[in-house]
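Every chain is numbered from 1, with letters handed out A, B, ... down the list of sequences.
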Protein chains: 2
Amino acid sequence: MKRAESLDSTKREAGAIEMDTIVGAAGGQIGLDVLPELLGYNVRRAQIELWRDFGATVSEGEVRPGLFSLLLLVGANPGIAQIDLANQLSVDKASIVALVDRLEEAGWVQRKRSTEDRRRQEIFTTPAGAKKLAQLKREVQEHDAKYCKLFTDDELHQFLEFLQRIYRH
Amino acid sequence: MKRAESLDSTKREAGAIEMDTIVGAAGGQIGLDVLPELLGYNVRRAQIELWRDFGATVSEGEVRPGLFSLLLLVGANPGIAQIDLANQLSVDKASIVALVDRLEEAGWVQRKRSTEDRRRQEIFTTPAGAKKLAQLKREVQEHDAKYCKLFTDDELHQFLEFLQRIYRH
DNA sequence: TATTGTTATACTCTATAACTATA
DNA sequence: TATAGTTATAGAGTATAACAATA
């Protein structure tokens, strides 16, 4: 256990850059001037935290963020085509197929070949899907609210604007 | 192309909630009061944007954020054990094995069985690994700076604090 | 008994390429 | 020719379970 203990901050020698240190193993140190000041690293860590809580909270992990946002889009846009789902979520159309397959196998959506343009598959929620979506929305709101609570209204507003600046720039 | 055009905001009827609409297909609409106000959705979108630019910018996509942060940790903590890498990055120890394998196969790190505790594999960067890491750091800084530029110093400082509030809460 | 590393396995998410049918 | 959907395939990333060596 010697090595594990040397990683413990309580055993660091005087003079070590304590505040800025994440890990101090075998004398090495990594400062806050490296990873934690990178925007990308912080966004990644926040996303991982939110992803995990989503999985632990919503629908017992059965539905994750990707599938949820897909179902949400279908629910809000009855008859939306897969290509539009792909464009909305910025993923390849091929990647949408398997996701819609899963929603269909779960009995939450139905594909209907468009009569106007027979290349298009129109996606609709089933009654069961609409019900599931309503339940998911409640659970997701609850999950999301947990984190929104960490901020004042003004802070949250600004936070969302910062995030949007990144993906809409 | 009729259906695609019906998705275009320019063809929406008067009275439609234009500002709040992402997609309007088959008469359906999804408002900004759904997805884009969810903290999780915004973090996810920002992360995807950063991830993509990272892949397009850094090391010609050869090294992605996960592998980079692993190599960074090893570089800053010579002799760190795999279990400590796992704990630092909040992933299972089993997941670390394949990542270290790849770093080792690339010739950037070396495993050395600890003499103090023979269960532990100490990870060190090779000279080639140190060189690669230095180059990666420059490229990552450059990539990251692109997005930092979207913010004033004060904004960036606040933004990072917001993100940390989520994953350190 | 507990810990470290490992292997086997599986699942999510995503991408590319090639194909079908439709436009 | 171009578009929408599909299939096949691959790779990154992660998790769990079971195991060996070591503590």
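The base of D/dT22 lies outside donor-acceptor range of the side chain of B/R118, with no N or O pair under 3.5 Å.
Whole-Å rounding puts the A/I83 CD1 to C/dA21 P distance at 19 Å. Note: CG (B/L85) to P (C/dT4) measures 12 Å, nearest angstrom. Rounding to whole angstrom units, CG of residue B/L67 and P of D/dG13 are separated by 7 Å. Nucleotide C/dC13 holds its P atom 15 Å from the CD1 atom of A/I48, rounded to whole Å. The distance from atom CD of B/E116 to atom P of C/dG5 is 14 Å, rounded to the nearest whole Å. Taking atom CD1 on B/I96 and atom P on D/dA15, their separation rounds to 9 Å, with Å as the unit. Atom-to-atom, CG of B/D101 to P of C/dG5 comes out at 13 Å; the value is rounded to the nearest Å. Counting to the nearest Å, the P atom of C/dT22 and the CZ atom of A/R113 are 7 Å from each other.
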Does the side chain to side chain contact (heavy atoms under 4.5 Å, CB included) test come out yes or no for A/D154 and A/F159, once each step is laid out?
-> CA-CA 9 Å; A/D154 279 354; A/F159 191 15; over 6 Å; no

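Comparing atom distances between the B/R44 side chain and each of D/dG13, D/dT22, C/dT14 picks out C/dT14 as nearest. Looking at the side chain of A/R119, the nearest of the listed nucleotides D/dA12, C/dT22, D/dG5 is C/dT22.
Between the A/E155 side chain and the A/T152 main chain, a donor and an acceptor come within less than 3.5 Å of each other. At distances below 3.5 Å, not a single donor-acceptor pair connects side-chain atoms of A/R64 with backbone N or O atoms of A/G55. No donor-acceptor pair closer than 3.5 Å links the side chain of A/D92 to the backbone N or O of A/A86.
With salt bridges taken as basic N to acidic carboxylate O contacts below 4.0 Å, none links A/K132 and A/E139.
Residues A/A128 and A/G107 come closest through the heavy atom pair CB-O, 3.9 Å.
Residue B/R111 places at least one side-chain N or O under 4.0 Å from the OP1 or OP2 atom of C/dT6. For D/dG13, the OP1/OP2 oxygens have a side-chain nitrogen or oxygen of B/R102 closer than 4.0 Å.
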Using atom names, set out every protein N or O paired with an N or O of nucleotides 15-19 of chain C below 3.5 Å, distance rounded to 0.1 Å.
unit_1: C/dA15; atom_1: OP1; unit_2: B/R52; atom_2: NH2; d: 2.8
unit_1: C/dA15; atom_1: OP2; unit_2: A/D92; atom_2: N; d: 3.0
unit_1: C/dA15; atom_1: N7; unit_2: A/S95; atom_2: OG; d: 3.3

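The aromatic ring centres of B/Y147 and A/H169 sit less than 6.0 Å apart.
Both A/G66 and B/A98 lie close to DNA chain C; mapped to their nearest nucleotides by heavy-atom distance, the more 5′-ward contact belongs to B/A98.
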